[in-house]
**Q** 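Encoded as structure tokens, here's the structure I'll be asking about.
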Protein chains: 2
Amino acid sequence: MTEQITGPRPTLEAVAARAGVSRATASRVVNGGAGVRAPLVEKVRRAVEELGYVPNHAARTLVTRRNGAVAVIIAEPEFRIFSDPFFEQQVRGISRELTAHDAQLVLLWVEGPGDHERIARYLGGGHVDGALAFSLHSDDRLSALIVRSGVPTVFGGRPAGSDLAVPFVDCDNRGGAREAVRHLVSLGRKRIAHIAGPRDQTSALDRIAGYHDVLVDADPALLCQGDFTRESGARAMAQLLDRWPDLDAVFASNDLMAAGALSTLRERGVRVPEDVAVVGFDDMESVVRDTAPALTTVRQDIEGMGRIMVKLLMRRLDGAGEAESASASASVITQTSLVRRASA
Amino acid sequence: MTEQITGPRPTLEAVAARAGVSRATASRVVNGGAGVRAPLVEKVRRAVEELGYVPNHAARTLVTRRNGAVAVIIAEPEFRIFSDPFFEQQVRGISRELTAHDAQLVLLWVEGPGDHERIARYLGGGHVDGALAFSLHSDDRLSALIVRSGVPTVFGGRPAGSDLAVPFVDCDNRGGAREAVRHLVSLGRKRIAHIAGPRDQTSALDRIAGYHDVLVDADPALLCQGDFTRESGARAMAQLLDRWPDLDAVFASNDLMAAGALSTLRERGVRVPEDVAVVGFDDMESVVRDTAPALTTVRQDIEGMGRIMVKLLMRRLDGAGEAESASASASVITQTSLVRRASA
DNA sequence: ATGAAAGCGCTAACAC
DNA sequence: GTGTTAGCGCTTTCAT
């Protein structure tokens with residue numbers, strides 16, 4: 001019934017024998033068949049088919065020193081954020097692009113410093129060709145470890161310790177924030193507040209910087225600290241409202257906080273956008289879907305960033321021989337775009 | 001500064017040379033050192049240390065035919081449910097246990113039937129020693145494929161097609177449901193409804209069965225269909241309330257739906273548990289944390305189930321030589337326990 | 001208890 | 001173009 005592979009799997013040798021060619025030729029065909037005459041290619045292909053031949057990965061790795069696997073390193077605080085659609089999207093992009101490159105995703109889940117040694121050993125053991133990591137928090141110890149392992153790595157999000165000159169992929173947080181605030185200004189708003197994200201994440205810092213780029217001498221009290229959660233956004237909005245009776249706009253560092261702000265506004269009977277205009281950041285579908293009014297926000301292509309992380313890594317791996325440290329180690333900053341909806 | 005591994009990594013040969021022993025002895029020491037005299041063990045250990053030797057995985061796999069990696073196959077609908085804490089917990093358990101066994105987690109993300117062939121090839125390619133899969137939905141095609149690949153596999157959740165005699169790990173859904181309903185009965189409740197989960201998940205079906213075990217001739221109209229979401233629970237509760245004015249208890253197939261039911265009850269001014277007692281299923285911390293009143297529910301140890309999946313798989317892999325199909329392929333049903341809180 | 005030697009299955013020079 | 005051959009780094013009989 002269930003046609004199960006029974007005996008030992010056929011080797012290249014067997015394929016070659018059946019096709020009546022040498023092992024080398026069989027190998028060439030299996031690897032694309034460049035420089036082999038058509039009829040032979042055909043013969044080998046048939047033999048592969050008939051025997052159900054599948055290349056032995058270990059043997060191949062042993063000689064090529066490439067194993068077609070990439071580690072995705074996720075530290076506990078971020079994994080928790082798997083509930084955060086942000087991560088799901090990024091990992092989705094990574095997974096898809098990896099598949100397109102015929103590479104496997106090896107998940108390395110770091111629960112704490114106790115796991116550091118294991119990770120270092122694994123990375124140092126050459127089990128993977130490269131690694132993808134996320135630099136969400138300022139705790140550099142893990143990042144440093146990864147870099148030191150010597151495994152080509154691309155980070156997601158600009159690392160905090162700028163001394164580590166590692167390639168990363170991030171969206172233009174600062175530029176996006178600028179665009180958001182400029183939009184608010186263009187609407188004629190005079191008193192524009194900012195609900196900021198946690199200070200230990202570069203994305204939040206960059207967005208604050210963008211805010212200040214436009215509002216050079218904004219009163220510091222217009223800036224209210226949040227932590228990227230909906231509740232913190234609601235709280236911050238309440239504070240701002242108390243502090244600034246004439247407030248007419250707010251730029252939140254992410255959509256979740258913007259949604260929180262929106263609910264506070266509604267509770268207080270403040271009209272959006274008539275009285276206060278609101279702009280978010282991320283364009284997170286699951287959040288944006290049901291805010292009232294529809295949220296104007298800065299979109300970033302998260303899945304795309306995941307894919308780019310992989311592309312960057314792959315380029316580095318492929319070009320390993322040539323321009324080692326040339327454009328190979330360049331980072332990528334992706335564009336953001338303002339999505340205008342009803343809230344501003 | 002960054003102490004990076006520069007040249008090619010040292011081989012066993014190098015270690016042996018430095019320790020003044022043969023490659024064979026060095027190998028023995030690296031693999032535990034059984035049957036090697038202490039002084040030599042010591043010498044080799046030192047050489048390993050000094051050279052920073054790390055075994056070459058591919059070479060080892062090539063000869064042992066074991067590669068210390070396990071695939072975790074996640075199909076798209078379930079991955080979406082990564083937001084569902086259920087999955088996070090189960091994967092956490094799996095990851096931890098795998099680490100304890102020195103095995104790596106290779107994530108295989110299946111987006112649709114288009115990926116089936118790729119998965120089959122990967123599994124067939126012997127890249128992993130075993131696989132862990134989830135049988136949440138009745139779509140057997142993927143499951144069948146996995147089974148057919150011949151890779152030892154353990155499923156999470158009882159598979160729908162009972163014809164596939166594959167080992168799985170699941171909690172005692174039916175027994176747990178029975179306990180929940182019996183508790184309601186012991187409370188003196190006479191009109192006990194059930195908010196069921198989707199019909200294509202065995203867990204939901206088993207819980208329905210448990211409900212009927214206790215309430216043998218319950219009116220079919222006491223059973224209301226939900227889909228495991230909070231909203232569906234709220235809706236179902238409303239329907240039941242309309243249908244049964246004398247309703248005094250409800251058992252929901254999961255906590256999320258119970259939470260939804262609770263909010264409907266509150267809206268309608270129905271007191272819990274005085275008027276209607278409510279019991280959930282899962283004891284999902286993130287849901288249970290903030291229901292009012294605190295939810296009485298059936299607890300299952302999800303992380304533990306993840307760990308058991310790994311243990312089962314490992315036992316199968318290790319005992320591969322001996323009692324192949326003996327107790328090796330047995331499934332595990334874990335106990336549930338009723339957690340009494342305020343709602344029933 | 002230790003060493004010598006034979007591969008594991010494959011790719012990549014190098015000959016032809 | 002195609003075949004021959006030499007390893008990749010390791011484990012594992014088999015002698016000693």
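Every chain is numbered from 1 and lettered A, B, ... according to where its sequence line falls, protein lines coming before strand lines.
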**Q** Could you tell me whether V30(B) contacts a base, only the sugar-phosphate backbone, or nothing, with contacts defined as non-hydrogen atoms closer than 4.0 Å?
**A**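 If one applies the 4.0 Å heavy-atom cut-off, V30(B) turns out to touch nothing in the nucleic acid.
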**Q** Over how many whole Å does the gap from E13(A) atom CD to dG7(C) atom P extend?
**A**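 Between P of dG7(C) and CD of E13(A): 13 Å.
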**Q** Give a yes or no on whether the backbone of V21(A) and the side-chain of T25(A) come within a donor-acceptor separation of less than 3.5 Å.
**A**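 Pair absent, no side-chain N/O of T25(A) close to backbone of V21(A).
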**Q** With respect to R45(A), which candidate in V29(A), V30(A), V15(A) satisfies the side chain to side chain contact (heavy atoms under 4.5 Å, CB included) definition?
**A**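 Exactly one candidate clears the test, V29(A).
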**Q** Without decimals, in angstroms, what is the distance between L12(A) CG and dT11(C) P?
**A** 6 Å
**Q** Rounded off to whole Å, could you give me the NE2-to-C1' distance for the H127(B) and dC10(C) pair?
**A** 13 Å
**Q** May I have the distance from R23(A) (atom CZ) to dC10(C) (atom P), rounded to whole angstrom?
**A** 9 Å
**Q** Tell me whether N67(B) contacts the main-chain N or O of H127(B) through its side chain, where contact means a donor paired with an acceptor under 3.5 Å.
**A**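 Between the backbone of H127(B) and the side chain of N67(B) there is a qualifying donor-acceptor contact (under 3.5 Å).
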**Q** Any Lys/Arg nitrogen of D129(B) or R66(B) sitting under 4.0 Å from an Asp/Glu carboxylate oxygen of the other?
**A**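 Looking at R66(B) together with D129(B), the answer is yes, because their closest N to O distance falls below 4.0 Å.
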**Q** Would you mind telling me which of T99(B), I94(B), V70(B) makes a side chain to side chain contact (heavy atoms under 4.5 Å, CB included) with V310(B)?
**A** I94(B)
**Q** Please state how far atom OH in Y53(A) lies from atom C1' in dT11(C), giving the value in whole angstrom units.
**A** 11 Å
**Q** Does V21(B) or L62(A) map to a spot on DNA chain C nearer the 5' end, using the closest nucleotide for each?
**A** V21(B)
**Q** Judged by each residue's nearest nucleotide on DNA chain C, which is more toward the 5′ side, T25(B) or V63(A)?
**A**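 Of the two residues, T25(B) wins.
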**Q** I need the NE2-P distance between H57(B) and dT11(D), as an integer number of Å.
**A** 12 Å
**Q** Rounding to an integer number of Å, can you tell me how far N56(B) CG sits from dG9(C) P?
**A**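 Interatomic distance, CG of N56(B) to P of dG9(C): 17 Å.
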**Q** Please pick, from dT2(C), dC8(D), dG3(C), the nucleotide with the shortest atom-to-atom distance to any side-chain atom of V36(B).
**A**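 Nucleotide nearest to V36(B)'s side chain: dT2(C).
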**Q** Under 4.0 Å between any heavy atoms, over every strand shown, what does R65(A) touch: base, sugar-phosphate, or nothing? Just pick one.
**A** sugar-phosphate
**Q** Roughly how many Å is it from CZ in R28(A) to P in dT11(C), rounded to a whole number?
**A**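 So the two atoms are 11 Å apart, to the nearest Å.
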**Q** Looking at the base of dT2(C), is there any donor atom on it, or on the side chain of R37(B), that sits under 3.5 Å from an acceptor on the other one?
**A**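 For R37(B), whose side chain was compared with the base of dT2(C), there is no donor-acceptor pair (under 3.5 Å).
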**Q** May I ask you to verify if any side-chain N or O of S22(B) is less than 4.0 angstrom from the OP1 or OP2 atom of dG3(C)?
**A** yes
